[in-house]
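Quick caveat: nothing in here was measured; it's all calculated off a predicted structure. Residue numbers count from 1 along this sequence.
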Amino acid sequence: MKILVCISHVPDTTSKINFTDGDSKFDTNGVQFVINPNDEFGLTRAMWFKEKQGASVDVVNVGGVETEPTLRKALAIGADAAIRVNAEAKDGFQVAKELAKVVQDGGYDLVIAGRESIDYNGAMVPGMLSELIGANFVTNCISLDIEGTNATAIREIDGGKETVTTSLPLVIGGQKGLVEESDLRIPNMRGIMMARKKPLTTVEATDAETETASVEFKKPAPKGAVTLVDAVNLDELINLLHNEAKVI
């Protein structure tokens with residue numbers, strides 16, 4: 001089984017976020033980037049298939065040369081090879097089209113992507129990718145087992161969970177629960193040294209057109225100062241809530 005894991009290069013959630021050019025561009029200065037957490041759950045599950053079922057595992061990213069350290073980390077975790085599509089990731093449809101070309105050229109049986117990235121939270125790339133390559137699709141996936149060409153997955157739905165069966169080729173939109181957080185792997189020195197020898201191939205983009213563009217970014221409004229309510233006003237508020245709003 002050939003597995004391709006899609007890796008998004010996203011800001012660490014502890015980074016301070018700023019914008020430039022009239023709040024129209026994200027300022028990357030001083031920002032630490034990491035593997036998108038949903039993708040890391042997927043990569044860890046792919047490593048299980050590699051170790052238990054002999055699958056091969058490649059990772060792919062659409063981005064510039066600045067994303068290569070993130071791909072190298074995925075290689076250090078245990079992926080066999082990495083592919084970087086040499087294009088700025090501008091919108092979900094463009095990324096999906098670039099990934100579709102990689103999947104078709106590589107003949108992958110299973111594509112594991114995160115349900116969404118934690119920067120733009122679009123939750124659209126895996127679904128569009130499955131449509132472009134004509135593969136089955138399961139999103140919000142919290143469990144995945146493969147037997148031959150058959151797959152059994154559990155996904156979260158409103159109010160509960162759903163177990164589905166399908167077949168390869170398959171695209172997964174994974175999330176927390178696909179593996180336990182305790183199963184996530186931190187690259188050790190041996191893995192880091194081996195990653196330097198693993199292939200990281202750069203392929204040129206297909207010049208897929210973008211369908212959307214970011215016009216302006218806005219930070220959340222700052223939290224207001226806490227205002228203390230004196231006893232007189234508090235009694236009046238309780239009276240209004242009880243008698244006017246009928247809050248019991």
Side-chain angles (χ1 to χ4, degrees), residues 4-21 23-28 31-46 59-64 66-67 70-71 74 83-104 108 110-142 144 153 155-158 162 169-178 205-220:
L4 182 68
V5 181
C6 302
I7 300 292
S8 292
H9 174 79
V10 300
D12 190 299
T13 54
T14 61
S15 298
K16 185 177 181 180
I17 302 301
N18 290 301
F19 305 105
T20 61
D21 295 350
D23 292 337
S24 65
K25 293 183 180 179
F26 173 54
D27 185 3
T28 60
V31 175
Q32 177 69 35
F33 284 84
V34 297
I35 297 175
N36 180 49
N38 287 323
D39 301 341
E40 193 167 2
F41 289 121
L43 176 59
T44 304
R45 189 58 180 166
V59 292
V60 63
N61 166 263
V62 178
E66 71 279 358
T67 69
T70 299
L71 286 173
I83 302 165
R84 178 176 68 83
V85 180
N86 190 29
E88 180 185 357
K90 295 181 178 179
D91 81 343
F93 186 61
Q94 172 232 2
V95 170
K97 290 191 74 173
E98 297 294 354
L99 293 175
K101 180 67 163 53
V102 173
V103 175
Q104 290 164 342
Y108 294 97
L110 174 64
V111 180
I112 302 178
R115 177 191 67 182
E116 61 184 357
S117 61
I118 62 169
D119 48 4
Y120 289 96
N121 299 103
M124 62 181 77
V125 171
M128 291 191 291
L129 174 59
S130 68
E131 179 67 20
L132 289 168
I133 64 175
N136 295 317
F137 176 51
V138 180
T139 194
N140 299 342
C141 187
I142 56 173
L144 178 66
R155 63 179 182 178
E156 286 191 344
I157 59 174
D158 289 342
E162 179 183 36
L170 174 65
V171 177
I172 287 295
Q175 63 178 55
K176 182 178 179 180
L178 191 56
T206 64
D207 295 325
E209 294 183 2
T210 59
E211 300 294 328
T212 59
S214 298
V215 177
E216 182 182 10
F217 294 94
K218 290 184 179 180
K219 292 184 179 181

When you measure from the side chain of [X] to the backbone N and O of [Y], does any donor-acceptor pair fall under 3.5 Å?
{"X": "N38", "Y": "E116", "answer": "yes"}
{"X": "N61", "Y": "I7", "answer": "yes"}
{"X": "K176", "Y": "P37", "answer": "no"}
{"X": "D91", "Y": "E211", "answer": "yes"}

Quick one, [X] and [Y] - any side-chain contact, counting heavy atoms below 4.5 Å?
{"X": "K97", "Y": "L132", "value": "yes"}
{"X": "Q175", "Y": "F41", "value": "no"}
{"X": "N140", "Y": "I157", "value": "no"}
{"X": "N36", "Y": "I118", "value": "yes"}
{"X": "E131", "Y": "F137", "value": "no"}

Task: Whether F26 and F33 hold their rings parallel, tilted or perpendicular, with breakpoints at 30° and 60° - done: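 The arrangement is perpendicular - the two ring planes meet at more than 60°.
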Where [X] and [Y] come nearest, the two heavy atoms and their spacing:
{"X": "I35", "Y": "A74", "result": "CD1-N, 4.1 Å"}
{"X": "G127", "Y": "S130", "result": "O-OG, 2.7 Å"}
{"X": "V171", "Y": "A135", "result": "CG2-CB, 4.1 Å"}
{"X": "Q94", "Y": "A87", "result": "NE2-CB, 4.1 Å"}
{"X": "L178", "Y": "G42", "result": "CD2-CA, 3.8 Å"}
{"X": "P11", "Y": "D119", "result": "CD-CB, 4.0 Å"}

- [ ] Dump the intermediate steps for side chain to side chain contact (heavy atoms under 4.5 Å, CB included) on L110 and L144, then the final yes or no.
- [x] CA-CA 11 Å; L110 174 64; L144 178 66; 4.1 Å; yes
TODO: Report the C-alpha separation of T70 and V34 in whole Å, then their side-chain angles, then the decisive distance to 0.1 Å, and conclude whether the side chain to side chain contact (heavy atoms under 4.5 Å, CB included) test is met.
DONE: CA-CA 6 Å; T70 299; V34 297; over 6 Å; no
When rounded to the nearest 0.5 angstrom, what distance separates [atom1] in [X] from [atom2] in [Y]?
{"X": "L99", "Y": "I133", "atom1": "CG", "atom2": "CD1", "answer": "9.5 Å"}
{"X": "K90", "Y": "T210", "atom1": "NZ", "atom2": "OG1", "answer": "6.0 Å"}
{"X": "S117", "Y": "M124", "atom1": "OG", "atom2": "CE", "answer": "9.0 Å"}

- [ ] For K218 and D23, run side chain to side chain contact (heavy atoms under 4.5 Å, CB included): C-alpha distance rounded to whole Å, both residues' side-chain angles, the deciding distance at 0.1 Å, then the answer.
- [x] CA-CA 7 Å; K218 290 184 179 180; D23 292 337; over 6 Å; no
Task: Name of the residue among V102, L71, V5 meeting side chain to side chain contact (heavy atoms under 4.5 Å, CB included) with V60 - done: V102
- [ ] Take C6 and D39 through the test side chain to side chain contact (heavy atoms under 4.5 Å, CB included) and record every step on the way to the result.
- [x] CA-CA 7 Å; C6 302; D39 301 341; 5.5 Å; no
TODO: Flag yes if more than 12 heavy atoms outside K219 fall under 6.0 Å of its NZ atom; otherwise flag no.
DONE: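 Enclosed.
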